[in-house]
Amino acid sequence: QVQLVESGGGLVQAGDSLRLSCAASDRTFRTYTMGWFRQAPGKEREFVAAISWQGGSSYYTESVKGRFTISRDNAKNTMYLQMNTLKPEDTALYYCGHTFPWGTWSDRSNMYYAWGQGTQVTVSS
């Protein structure tokens, strides 16, 4: 029943940075492995990154390794995605979601729940 709200997207130039936020509606957030996904026009929703419920482990898709950093602040019920060296290929609607309580990470979108409305990231060149 937790609700998630994404924010922080925008229109930037290649090489710029953005930080996305995913705010949860209640404290059950701290029990979830959390994930970021993105969807570009004409493509399926793609895994970007995930972070364990303790925040001690993180996982990334190959195309963002070394450029993106996922983090979370359980005291604020918020997850973040720091995106550096953005490329036009990163243009997409970015979503966050959660797994079941105390769950293991996954790169499959059907393992996540409570998607928000998404935040648009557009990278121009």
Side-chain angles (χ1 to χ4, degrees):
Q1 295 181 337
V2 65
Q3 293 183 315
L4 303 175
V5 179
E6 301 92 342
S7 63
L11 196 162
V12 298
Q13 294 180 314
D16 285 351
S17 298
L18 285 171
R19 189 179 74 158
L20 306 184
S21 297
C22 173
S25 62
D26 64 59
R27 204 162 182 266
T28 58
F29 169 85
R30 74 187 192 281
T31 72
Y32 301 133
T33 290
M34 300 291 296
W36 285 100
F37 288 74
R38 63 188 181 187
Q39 188 165 18
K43 296 184 178 180
E44 294 186 344
R45 191 166 296 186
E46 175 191 23
F47 172 76
V48 178
I51 187 166
S52 64
W53 53 271
Q54 291 181 312
S57 299
S58 57
Y59 312 89
Y60 301 91
T61 192
E62 183 67 28
S63 64
V64 309
K65 287 181 179 178
R67 299 190 297 121
F68 291 9
T69 302
I70 190 171
S71 62
R72 67 191 297 164
D73 186 342
N74 286 349
K76 297 181 178 179
N77 297 330
T78 303
M79 176 179 66
Y80 305 95
L81 185 67
Q82 179 66 44
M83 305 187 295
N84 297 328
T85 318
L86 283 162
K87 302 176 180 180
E89 300 93 297
D90 296 317
T91 295
L93 189 63
Y94 283 71
Y95 298 91
C96 62
H98 72 81
T99 64
F100 53 90
W102 318 113
T104 302
W105 81 281
S106 175
D107 63 357
R108 306 293 294 183
S109 63
N110 62 3
M111 294 295 292
Y112 291 81
Y113 304 88
W115 305 105
Q117 293 296 307
T119 186
Q120 179 67 42
V121 173
T122 302
V123 184
S124 65
S125 61

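Because only heavy atoms are used, hydrogens play no part in the values below, and waters and symmetry mates are left out as well, while side chains stay in.
- There is a path of hydrophobic side-chain contacts, each under 4.5 Å, that joins Y60 to V123.
- Closest heavy-atom contact between M34 and I70: O-CD1, 4.3 Å.
- Using modelled atom types, no side-chain atom of Y59 and backbone atom of S52 make a donor-acceptor pair closer than 3.5 Å.
- D26 contributes no side-chain N or O that, together with a main-chain N or O of N77, makes up a donor-acceptor pair within less than 3.5 Å.
- Considering CH2 of W102 and OG1 of T31, their distance stands at 5.5 Å, rounded to 0.5 Å.
- Summarising the local packing, CD of Q117 is surrounded by 12 or fewer heavy atoms from other residues, nucleotides or ligands at distances under 6.0 Å.
- The two residues L81 and A49 come nearest to each other via the heavy atoms CD1-CB, 4.3 Å.
- Taken from CZ in F68 to CG in L20, the straight-line distance is 8.0 Å, to the nearest 0.5 Å.
- To the nearest 0.5 Å, atom CZ of residue F37 and atom CG of residue D107 are 7.0 Å apart.
- In this structure, T33 OG1 and F100 CZ are separated by 7.5 Å, a value rounded to the nearest 0.5 Å.
- Ring geometry for F47 against W105 counts as tilted: the plane angle lies between 30° and 60°, on a 0 to 90° scale.
- One hydrophobic cluster, built from ILVMFWY side chains closer than 4.5 Å, cannot hold both V5 and Y94; they sit in different ones.
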Next on the checklist: Evaluate W53 against T99 for side-chain contact (heavy atoms from CB on, under 4.5 Å), listing each step before the verdict.
Outcome noted: CA-CA 10 Å; W53 53 271; T99 64; over 6 Å; no

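- Relative orientation of the W115 and Y95 rings is perpendicular, given thresholds of 30° and 60° on the angle between their planes.
- Of the inter-residue distances, the one linking L86 atom CG with R67 atom CZ reads 6.5 Å to the nearest 0.5 angstrom.
- With sequence neighbours excluded, the residues forming a side chain to side chain contact (heavy atoms under 4.5 Å, CB included) with Q82 are S17, R19, T69, N84, listed by chain and number.
- Pairing each heavy atom of A40 with each of T91, the nearest pair is CB-O, 3.7 Å.
- In terms of hydrophobic clustering, with Ile, Leu, Val, Met, Phe, Trp and Tyr side chains grouped at heavy-atom distances under 4.5 Å, Y112 and L93 are assigned to a common cluster.
- Side-chain contact check for E44 versus S109: every heavy-atom pair is 4.5 Å or farther apart.
- Hydrophobic cluster membership is shared by L4 and I51, with clusters built from Ile, Leu, Val, Met, Phe, Trp and Tyr side chains linked at under 4.5 angstrom.
- Here the CE-OH distance, from M79 to Y32, works out to 13.0 Å after rounding to the nearest 0.5 Å.
- The shortest heavy-atom contact between G10 and L18 is N-CD1, 3.9 Å.
- Figure legend: cation-pi geometry between R72 and F29, with NZ or CZ positioned under 6.0 Å from the six-membered ring centre and within 45° of its axis.
- Between V48 and V64 the shortest side-chain heavy-atom distance falls below 4.5 Å.
- Listed for the S25 side chain is a donor-acceptor partner under 3.5 Å among the backbone atoms of Q3.
- For the residue pair R38 and S63, the shortest heavy atom distance occurs at NH2-OG, 3.4 Å.
- Nearest heavy-atom pair, V2 versus A114, reported as atom, atom and distance to 0.1 Å: O-CB, 3.4 Å.
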